[in-house]
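Take a look at the structure below.
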Amino acid sequence: MMDIAIYSLVDDMVSKAGTEGVVEYWLRVGESYAERMGKEAYVGWPAFNVAMKEGRTSLTVEGEVNVLTDLAIIDRDGDVIGYVYALKTCPMAPTMRRYISRIGPIPDSDTDVADSYNNRIRDSAVSNYCITHQKFREVAANNITVAKQALECLQLANKGMTGDVKMVPENLARINVDERHIKSILRSASCVFALIVKGKSAGEEIIE
Amino acid sequence: MAENIESNPFVDVSVYLFFEDISDKQGVEGFTNYMVGQAQSLAKSVPEEEYETWDDFASAVVSGESVFSSFESIEQISKCGFVTKVCPFSKAIREYIKRIGNFNPVHMEATDHFNHTIQPSAAHSACMMHQTYRKEVAKRITVGGKPLQYAQIGAKAYTGDIALPPESWKKVLLEKAGISETQGYMEMRENSCLYLLYVED
């Protein structure tokens, strides 16, 4: 029942703190959730990817993830710097279905908060919950090391309840993956992201 | 019985954290007010219901067809006495403890605040939301043309602590529910929540 509270809580908060205030709350929640999960270390990519498949990492508490090992991300020296992952089901999907079935249509405040985030921060939210979820992944990734190197999460694409898709072109460019390829992954997933060694890219290195 | 759609605990835990963040900014009072306020809003969003007889209503509640039992499985133990076996928040509470650790003390502080300022019936912060939802959703249901009334008798927290009303209230509520105090305690051993549903004669 706790999850159902999101919609009425967000509705209430929008009237008191505005959509921008709710975005700030969600960003802080995502950050504190990830920070409280603690740190993790893996000896290498195979160990990390097995942990992802088996749902043992802080990044897989959100649900089952497909590890796309065929999509290794290579830097200009030919070293593997990361992989692409696909979350099969959005964690909000059951809550949305339950809300619609038991209460009624999803309140407009859901889209209003997502739009506020999309317009001011990054155009990557298909619902208000994406804000905290994506922030959680970004911070959780920073708390994980693979071969003693901290990770960075790049949001690539996600799909909303009605089928609307958000892509983050700058992140696709950074790992040099074609948008059409990600769209094909989204056919059987709700969210696609990359985990790479912090500061690296498929082309030039990014300076922090 | 309506389809049971399980929530993802990732979402449940983040809602608890949302409330904790509110308490950082607005204190325990803000936490309590938001939890109560959103439960009121949620209840106001559900469709209204009307039943011709008490038996029709009780049957709909027990079979999960009423909005009163949208989020929990309810059993009837006497004409007006009802119990919820498993607290609908227990999974979220377990997941919070499993993933993050001890519950932030602000949850108990808010529970105390609710018990002192609104009514002494909550065993955990989630009870504030749950009991407010029940109270408000009862206002949307009529039985034989009369509004449904709800009164909480007992609530059990994940720690085993039970919140009970003051002695003077408890006696009246148990009498109205048609159960003895011993039966009430027996019910609280098996269930997470005991309450009274009735319509004024």
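Chain identifiers are assigned alphabetically (A, B, ...) following the order of the sequence lines, protein sequences preceding nucleic acid strands; residue numbering begins at 1 within each chain. Atoms considered below: every heavy atom in the structure, side chains included; atoms not considered: hydrogens, waters and symmetry mates.
Both the backbone and the side chain of B/Phe18 come within contact range of chain A, with heavy atoms under 4.5 Å apart. At a 4.5 Å heavy-atom cutoff, the contact between B/Ile22 and chain A is made by backbone and side-chain atoms alike. Proximity to chain B (any heavy atom under 4.5 Å) is restricted, for A/Phe136, to the side chain, taken from C-beta onward.
Applying side chain to side chain contact (heavy atoms under 4.5 Å, CB included) to B/Gln38 and the options A/Asp11, A/Ile4, A/Ile6, A/Asp12 leaves one that passes, A/Asp12.
Taking both residues in full, the closest heavy atoms of A/Ser32 and B/Leu17 are given as OG-CD1, 4.2 Å, listed atom of the first, atom of the second, then distance. The minimum heavy-atom distance linking A/Pro91 with B/Val11 is given by the pair O-CG2, 3.3 Å. Nearest heavy atoms, B/Gln26 versus A/Tyr25: NE2-OH, 3.3 Å.
Residue A/Asn176 qualifies as open at atom CG: its count of foreign heavy atoms under 6.0 Å is 12 or below. By the neighbour-count criterion of 12 heavy atoms within 6.0 Å, atom CG of A/Asp178 is densely surrounded, having more than that number from other residues, nucleotides or ligands. More than 12 heavy atoms of other residues, nucleotides or ligands sit less than 6.0 Å from atom NZ of B/Lys156. Heavy atoms from other residues, nucleotides or ligands lying under 6.0 Å from CD of B/Gln76 number more than 12. Counting non-hydrogen atoms of neighbouring residues, nucleotides and ligands closer than 6.0 angstrom, the NZ atom of A/Lys88 exceeds 12 such neighbours. Counting non-hydrogen atoms of neighbouring residues, nucleotides and ligands closer than 6.0 angstrom, the CG atom of A/Asp108 reaches no more than 12 such neighbours.
Between the B/Asp12 side chain and the A/Asp3 main chain, a donor and an acceptor come within less than 3.5 Å of each other.
Using a 4.0 Å cut-off between charged nitrogen and carboxylate oxygen, B/Glu20 and A/Arg36 count as a salt-bridge pair.
Ranking B/Ala92, B/Gly101, B/Gly37 against chain A, the residue ahead of the rest is B/Gly37, based on heavy-atom pairs under 4.5 Å. Between chain A and the residues B/Ser70, B/Ala43, B/Pro9, B/Ala126, the most heavy-atom pairs under 4.5 angstrom are made by B/Ser70. Among B/Arg99, B/Glu95, B/Gln40, B/Lys91, the residue with the largest count of heavy-atom pairs under 4.5 Å with chain A is B/Arg99. With chain B as partner, the option from A/Val10, A/Thr89, A/Val61, A/Thr95 having the largest number of non-hydrogen pairs under 4.5 angstrom is A/Val61. Between chain A and the options B/His130, B/Glu72, B/Lys25, heavy-atom pairs under 4.5 Å are most frequent for B/Lys25. Interface check for chain A: of the options B/Val46, B/Asp21, B/Val15, B/Val13, the most heavy-atom pairs under 4.5 Å are formed by B/Asp21.
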Apply the test side-chain contact (heavy atoms from CB on, under 4.5 Å) to residues A/Arg98 and B/Ser7: give CA-CA distance (whole Å), side-chain angles for both, the deciding distance (0.1 Å), then the verdict.
CA-CA 8 Å; A/Arg98 206 143 56 102; B/Ser7 65; 3.5 Å; yes
The test is side-chain contact (heavy atoms from CB on, under 4.5 Å); show your working for B/Leu42 and A/Tyr99 and say whether it passes.
CA-CA 10 Å; B/Leu42 178 64; A/Tyr99 191 94; 3.9 Å; yes
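To the nearest 0.5 angstrom, A/Arg102 atom CZ is 7.0 Å from B/Phe71 atom CZ. With rounding to the nearest 0.5 angstrom, the CZ atom of B/Phe10 is 11.5 Å from the CE atom of A/Met92. In this structure, CD1 on B/Ile100 lies 7.0 Å from CE on A/Met37, to the nearest 0.5 angstrom. Atom-to-atom distance recorded for B/Tyr133:OH and A/Ser8:OG is 10.0 Å, nearest 0.5 angstrom.
Side-chain contact of A/Tyr129 with B/Ser14: a donor-acceptor pair under 3.5 Å is present, judged by distance alone.
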